[in-house]
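Remarks on the structure that follows.
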Protein chains: 2
Amino acid sequence: MNKQHDVCEVRAINKKKVKSVKQLMLTDNEANSLSGTFSVLADPTRTKIIYALSNDELCVCDIASILGMSVSAISHQLRILRNMRLVKFRKESKMVYYSLDDEHITTLFNEGLNHIRE
Amino acid sequence: MNKQHDVCEVRAINKKKVKSVKQLMLTDNEANSLSGTFSVLADPTRTKIIYALSNDELCVCDIASILGMSVSAISHQLRILRNMRLVKFRKESKMVYYSLDDEHITTLFNEGLNHIRE
DNA sequence: TTTATATTTGAACATATGTTCAATTGATTA
DNA sequence: TAATCAATTGAACATATGTTCAAATATAAA
């Protein structure tokens with residue numbers, strides 16, 4: 001920690017603003033939860049999976065085929081989407097069929113899609 | 001590439017579904033652009049910065065003070081937000097004041113915030 | 001039971017990302 | 001001019017993340 005850092009971390013330029021914004025500031029938990037939510041959508045493989053599932057319920061093998069990727073890679077990503085409750089699944093014999101489970105995030109997803117497409 | 005992969009990448013379970021979803025599928029560019037958009041919001045420091053700037057125009061030093069982080073770390077993150085046109089800035093003597101610049105993403109940001117808060 | 005197949009899993013690997021540290025730039029002031 | 005300060009930058013470092021590979025599960029069929 002050198003002098004420059006001390007100055008800027010301890011003495012703010014506009015103390016009133018700093019104080020008032022500090023009071024409103026997100027907690028670490030809120031910021032982590034918020035950025036964590038966006039992180040789920042921050043990978044092209046996952047956005048493709050979500051997009052694919054927005055059209056149809058699909059098994060792992062078909063998702064892999066659609067994306068042209070290995071089954072293992074898709075399965076790893078599906079686990080992340082499962083843990084975040086973004087997708088649900090049902091088993092039918094050997095196969096596992098995935099579908100979307102979270103309306104909020106798919107709304108977010110579609111807003112993002114509109115954003116890049118307009 | 002072993003046998004298992006070949007089977008699942010070449011032969012899909014439900015060929016019709018796979019073919020139709022494949023035709024609708026996002027291009028790599030679209031998927032990268034979409035996930036890239038979400039990536040900007042996928043870091044707690046950046047979400048805090050955006051949140052702070054949604055309240056007020058702020059200089060780098062004050063943002064650092066509000067977040068309790070080094071000026072350098074904040075400046076690096078502001079560069080990312082600048083490159084993505086999420087924030088704009090004006091110079092006033094030695095100081096640089098940042099403010100939000102992109103309505104679309106701040107809408108996205110607020111939707112995410114509602115999502116985690118409800 | 002043995003074989004085949006759909007999926008999951010863990011470890012290894014490479015790459016991407018965020019922060020720190022030190023140095024630099026640009027503007028102000030003594 | 002020299003000194004000071006806000007901000008930026010690049011390199012180094014540690015950590016996180018995504019894919020691959022090999023092995024393990026689980027279910028169905030021969």
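Only heavy atoms go into these numbers, but all of them, side chains included; no hydrogens, no water, no symmetry mates. By convention in this document, chain letters (A, B, ...) are assigned in the order of the sequence lines, proteins followed by strands, and residues within each chain are numbered from 1.
Considering only side-chain N and O atoms, B/Arg46 lies nowhere under 4.0 angstrom from the phosphate OP1 or OP2 of C/dT19. At least one side-chain nitrogen or oxygen of A/Gln77 sits closer than 4.0 Å to the OP1 or OP2 atom of D/dT19. For B/Ser72 and C/dT20, the shortest distance from a side-chain N or O to OP1 or OP2 is not below 4.0 Å. Regarding contacts with the backbone of D/dT8, a side-chain N or O of B/Tyr98 is found under 4.0 angstrom from either OP1 or OP2. Between B/Ser70 and the phosphate of C/dT20, there is a side-chain N or O to OP1/OP2 separation shorter than 4.0 Å. The side chain of B/Arg82 places an N or O atom within less than 4.0 Å of a non-bridging phosphate oxygen (OP1 or OP2) of D/dT9.
What separates CG of B/Leu78 from C1' of D/dT8 is a distance of 11 Å, to the nearest Å. Taking atom CD1 of residue B/Ile63 and atom C1' of nucleotide D/dA6, one finds them 13 Å apart after rounding to whole Å. We find that CE of B/Met84 is positioned 11 Å from P of C/dT17, with the value rounded to whole Å. Straight-line distance from the CD1 atom of A/Ile13 to the C1' atom of D/dT4: 13 Å, rounded to whole Å. Computed from coordinates, the B/Met95 CE to C/dT25 C1' distance equals 17 Å when rounded to whole Å. Protein atom CZ of B/Phe38 is 19 Å distant from nucleotide atom C1' of D/dG18, rounded to whole Å. Rounded to whole angstrom, the span from the CG atom of A/Leu67 across to the P atom of D/dT20 amounts to 12 Å. In this structure, B/Glu92 atom CD and C/dG26 atom C1' are separated by 16 Å, rounded to whole Å.
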**OP:** Apply side-chain contact (heavy atoms from CB on, under 4.5 Å) to A/Lys94 and B/Ile13, showing your working.
**Re:** CA-CA 12 Å; A/Lys94 279 182 297 188; B/Ile13 301 299; over 6 Å; no
**OP:** Just do the salt bridge (Lys or Arg N to Asp or Glu O under 4.0 Å) check on B/Asp101 and B/Arg82 with the steps written out, would you?
**Re:** CA-CA 9 Å; B/Asp101 194 27; B/Arg82 237 164 42 216; over 6 Å; no
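Both A/Lys91 and B/Ser75 lie near DNA chain D, and the one whose nearest nucleotide falls closer to the 5' end is B/Ser75. Each of A/Phe89 and A/Lys94 lies near DNA chain C, and the nucleotide nearest A/Lys94 is the one positioned closer to the 5' end.
In this structure, A/His104 and B/His115 have tilted ring planes: the angle between them lies in the 30° to 60° band.
In this structure, CE on A/Met25 lies 9.0 Å from CD1 on B/Ile49, to the nearest 0.5 angstrom.
Checked against C/dT19, D/dA7, D/dT19, the side chain of A/Ala73 finds its nearest nucleotide in D/dT19.
Of the possible donor and acceptor atoms, none in the side chain of A/Lys48 sits under 3.5 Å from a partner among the backbone N and O of B/Asp28.
Side-chain to base pairing of A/His76 with D/dT17: no donor and acceptor N or O lie closer than 3.5 Å to each other.
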